[in-house]
Amino acid sequence: MSDLLKKGFHLGLGAALSGKEMFEKMVNEMVKRGEISPSQAKSMVNNWITKGETKDKEWNHQAKAKMQDQMKELGFVSKEDYEKLEARVQKLESLYERP
């Protein structure tokens, strides 16, 4: 299974790099033909990068939320919940300590 995941990751990475190269080539050709200016080309590339970064953040957020849901479903507590419970236990222990 690990090999299959690795191959899938490499396939996706290859596709992304290929798409990036094709996009850059297309933009450069448009500049050469005078259809857009170099500044417009730079703006297009920057816009494309910004969209990619935005989508990456969105996917990371979704993956994190899904992982948290799965952990909760399996009965794991969050670090925050654990720390709250630990503080309560310490408070109770201090109330019932015998001198």
Practice problem: Side-chain contact test, heavy atoms from C-beta onward, threshold under 4.5 Å: evaluate it for Lys57 versus His61 and give yes or no. | Solution: no
Quiz item: So, for Val31 and Ser37, which heavy atoms are closest and what is the spacing to 0.1 Å?
Solution: CG2-O, 4.1 Å
Quiz item: Which ILVMFWY residues are connected to Tyr82, directly or by a chain of links, through side-chain heavy atoms under 4.5 Å apart?
Solution: Val77
Practice problem: Show which residues join Leu85 in its hydrophobic cluster (side-chain heavy-atom contacts under 4.5 Å, direct or indirect), or state none. | Solution: none
Quiz item: Quick check: are there more than 12 heavy atoms from other residues, nucleotides or ligands sitting under 6.0 Å from CZ of Arg88?
Solution: no
Self-check item: Distance in Å, Gln40 CD paired with Met30 CE, rounded so as to fall on 0.5 Å steps
Solution: 8.5 Å
Quiz prompt | Pairs where residues 69-81 contributes a residue and the test salt bridge (Lys or Arg N to Asp or Glu O under 4.0 Å) is met, not counting sequence neighbours | solution = Glu80-Lys84
Pair up each side-chain donor or acceptor in residues 45-55 with any protein partner under 3.5 Å, not counting sequence neighbours, and list the distances.
| residue | atom | partner | partner atom | Å |
| --- | --- | --- | --- | --- |
| Asn46 | ND2 | Lys42 | O | 3.4 |
| Thr50 | OG1 | Asn46 | O | 2.9 |
| Thr54 | OG1 | Thr50 | O | 2.9 |
| Lys55 | NZ | Glu58 | OE2 | 3.4 |

Quiz item: With sequence neighbours excluded, what pairs up with Leu95 under the side-chain contact (heavy atoms from CB on, under 4.5 Å) test?
Solution: Leu92
Practice problem: Please collect all salt bridge (Lys or Arg N to Asp or Glu O under 4.0 Å) contacts where either partner lies in residues 10-22, sequence neighbours excluded, each pair once. | Solution: Lys20-Glu24
